[in-house]
Amino acid sequence: MMTDRSALLVDCEDVAWFRDGPAAARGTAATVGRRIGLGEQRTAELVLAVAELAANLTKHATDGSLLLRVLRNRPGSPADVVAGVEVIAVDKGPGMADVPAALRDGMSTTGTLGIGLGAVQRLADTFDVHSQPGTGTIQLARFWPRPAPPAVSGEPAVGGVTRPISGEQVCGDAWAARTDAGGNVGIDAVSSVRVDGGNVRTGSDARIDGGGDAGTDAGGHAGTGSGSDARTDASGRARTDGDSHARTDGGSHARTTHRDERSAGPDPSAPALPDWSTMAGIRKPRSTTVRRGASVPVQAAVPGPGEGLLVMSCDGLGHGPLATLAAQAAVNAFRSGTGRTPEQVMEEVHRALRGTRGAAVAVARLEPDGRVLFCGTGNITAALVTATSRANLLSHPGIAGHQMHRLRTYEYRLPAQGVLVMHSDGLSDRWNVADLAGLLHHSPAVIATGLLRQAGTRRDDASAVIAKAAG
């Protein structure tokens with residue numbers, strides 16, 4: 001479960017995929033490292049790591065892609081902001097049967113010295129790799145300035161990936177996260193892009209020149225056989241199944257039913273507000289014990305004690321620049337808003353998206369005791385996942401910014417060792433727990449990348465975000 005220590009959250013900016021020519025990422029990495037102030041020595045180490053990862057994709061991988069992006073932490077004080085670079089290499093095979101051996105100096109399958117992957121591990125502040133024969137390999141390397149400030153120690157509690165439809169340089173999907181310590185908007189994290197003169201730009205106006213095509217797509221089925229992985233650190237569809245049931249997929253096919261809540265009318269004591277708002281006042285929370293996998297409708301949800309973690313997934317309608325503008329508007333509203341419950345945040349986002357083409361949006365709140373509040377509209381898939389179970393979170397039809405029916409909040413319990421998964425319809429929702437079982441002990445960004453590889457399509461913008469309970 002979550003601890004009292006504030007979760008580390010990072011913004012992901014300047015998202016650029018390199019697929020057809022991953023070697024081009026080397027020059028981009030050098031430009032970005034110098035621009036964000038990594039320093040000459042650290043930038044040279046970043047470029048060396050990117051060159052090695054790109055070379056491995058070219059020599060060994062099937063359908064390999066490389067993702068390069070800027071990270072910025074979100075501390076309480078702007079003076080404590082630290083910028084770094086994250087590199088993710090992903091492919092669909094053949095995979096490594098023995099990752100620890102591949103990390104040893106001198107190990108090679110092509111007659112070369114074989115020192116590259118071990119060097120990447122030593123150079124990076126965080127290195128995470130998962131590989132399974134027949135499925136493929138995911139490698140994440142994170143570079144902060146040296147010495148790495150304490151503000152960026154540890155693993156971010158939330159991580160995700162976005163990828164534009166083939167042929168586009170900008171993505172209409174976005175995700176964001178922030179903490180809520182009670183009353184005041186806490187630190188936040190976001191991944192989003194916008195269009196400016198044909199270049200990819202982000203909320204901080206940081207730029208990467210030289211994009212590259214979008215990366216991975218849906219691949220073969222990930223089996224449950226044992227994979228091989230190593231890691232070093234510095235520290236369904238939200239189903240619109242109607243109002244009457246939630247389904248738990250993944251082996252047991254257990255079904256949990258609950259009472260149709262449509263007969264429940266609004267609280268007559270609530271103040272009169274405009275028709276788009278159902279924001280709640282301070283009320284006594286229901287003393288309902290929620291079983292794992294069960295969904296309980298909550299009227300006038302109240303934040304629980306301790307620091308909450310708010311996570312948003314957004315899919316701007318369509319794709320291209322107009323979808324990107326809608327997604328950016330949702331992210332800006334999420335970051336600057338004061339809503340503490342998912343329903344309150346949804347109302348703020350709904351108002352901010354008026355005048356845009358609109359979006360499918362879902363918001364979850366994770367609390368220290370394992371309580372999860374969820375509210376969504378449109379085709380955002382959300383689920384609570386463990387190695388053996390998947391509990392889909394209920395969402396309802398609508399378009400934020402245009403037509404949004406009466407919002408409903410549902411309460412769930414996050415199982416021990418479980419994760420929250422949210423993704424757009426650029427990924428099929430037909431994945432199962434076996435596809436993620438071997439990934440769940442890895443960083444959220446690696447899990448999200450694995451899900452994108454397994455279920456993503458290049459026919460639409462795609463995004464996936466994973467939230468883990470801290471501690």
Side-chain angles (χ1 to χ4, degrees), residues 67 88-93 95-96 99 128-140 155-163 175 215-231 236-239 246-254 292-293 311 313 362 364 366 372 374 380-393 412-457 462-469:
L67 169 63
I88 300 178
V90 57
D91 62 62
K92 296 173 66 177
M96 295 180 283
V99 170
D128 193 0
V129 54
H130 173 269
S131 189
Q132 183 168 312
T135 300
T137 301
I138 303 169
Q139 300 169 84
L140 178 150
E155 183 63 38
V158 182
V161 289
T162 60
R163 190 190 64 198
W175 61 269
T216 60
D217 66 358
H221 186 76
T224 57
S226 61
S228 176
D229 51 58
R231 177 183 178 184
R237 189 179 211 148
R239 293 186 184 274
R247 187 168 61 195
T248 301
D249 298 324
S252 65
H253 301 288
R292 191 180 79 176
V311 185
S313 178
L366 284 66
V372 177
F374 179 81
I380 298 292
T381 298
L384 301 179
V385 179
T386 70
T388 58
S389 66
R390 167 179 168 174
N392 296 325
L393 311 189
Y412 302 84
R413 305 298 300 182
L414 180 65
Q417 310 304 316
V419 299
L420 168 69
V421 176
M422 300 171 73
H423 66 76
S424 69
D425 62 359
L427 287 77
S428 168
D429 66 353
R430 299 194 177 191
W431 53 271
N432 58 52
V433 294
D435 300 325
L436 297 182
L439 287 163
L440 293 182
H441 64 284
H442 288 277
S443 64
V446 167
I447 300 172
T449 303
L451 182 59
L452 180 65
R453 178 183 61 186
Q454 172 65 25
T457 172
S463 63
V465 57
I466 307 293
K468 277 189 171 184

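Just so it is clear, the values below take in all heavy atoms, side chains as well, and ignore hydrogens, waters and symmetry mates. These numbers were taken from a predicted model, which means no experiment stands behind them.
For the atom pair OG1 (T381) and CG (L427), the distance works out to 8.0 Å, reported to the nearest 0.5 Å. Rounding to the nearest 0.5 angstrom, the gap separating the CG atom in L452 from the CD1 atom in I447 is 14.0 Å. Summarising the geometry, atom OG belonging to S443 is positioned 7.0 Å from atom NZ belonging to K468; distances are rounded to the nearest 0.5 Å. Taken from OG1 in T386 to CG in L414, the straight-line distance is 9.5 Å, to the nearest 0.5 Å. Distance check: D435 CG to R453 CZ gives 10.0 Å after rounding to the nearest 0.5 Å. Remark: Q454 CD to L436 CG distance equals 8.5 Å, nearest 0.5 Å.
Residue A467 comes nearest to L366 through the heavy atom pair CB-CD2, 4.1 Å, listed as atom of the first residue, atom of the second, then distance. A382 and M422 make their closest contact through CB-CG, 4.0 Å (heavy atoms, listed as atom of the first residue, atom of the second, distance). Among all heavy-atom pairs drawn from P444 and A157, the shortest one is CG-O, 3.8 Å. Annotation for I88 and A445: closest pair CD1-CB, 4.4 Å, computed over non-hydrogen atoms. Minimum interatomic distance between P133 and M96 (heavy atoms only, all atoms of both residues): CD-O, 3.8 Å. Closest approach of A387 to A437, counting heavy atoms only: O-CB, 4.0 Å.
A heavy-atom distance below 4.5 Å is not found between the side chains of V129 and I138. Side-chain contact between V419 and L440: present, with at least one pair of heavy atoms (C-beta onward) separated by less than 4.5 Å. Considering only heavy atoms from C-beta on, F374 stays 4.5 Å or farther from L384 through its side chain. With a 4.5 Å cut-off on side-chain heavy atoms, V311 and W175 do not count as touching.
Listed by chain and residue number, V161, A464, I466 satisfy the side chain to side chain contact (heavy atoms under 4.5 Å, CB included) test with A448 (two or more places apart in sequence, or in another chain). Residues that satisfy the side-chain hydrogen bond (donor to acceptor under 3.5 Å, both in side chains) test with S424, not counting sequence neighbours, are D173.
Side chain to side chain, S131 and T137 meet the donor-acceptor criterion of an N or O pair below 3.5 Å.
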Exercise for the section: Start with the C-alpha distance between L140 and T449, add both sets of side-chain angles, then the distance that settles side-chain contact (heavy atoms from CB on, under 4.5 Å), and finish with yes or no. Expected result: CA-CA 10 Å; L140 178 150; T449 303; over 6 Å; no

Problem - Test side-chain contact (heavy atoms from CB on, under 4.5 Å) applied to Y412 and L420, step by step - result: CA-CA 11 Å; Y412 302 84; L420 168 69; over 6 Å; no

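The only member of L393, V465, L451 that meets side-chain contact (heavy atoms from CB on, under 4.5 Å) when paired with V421 is L451.
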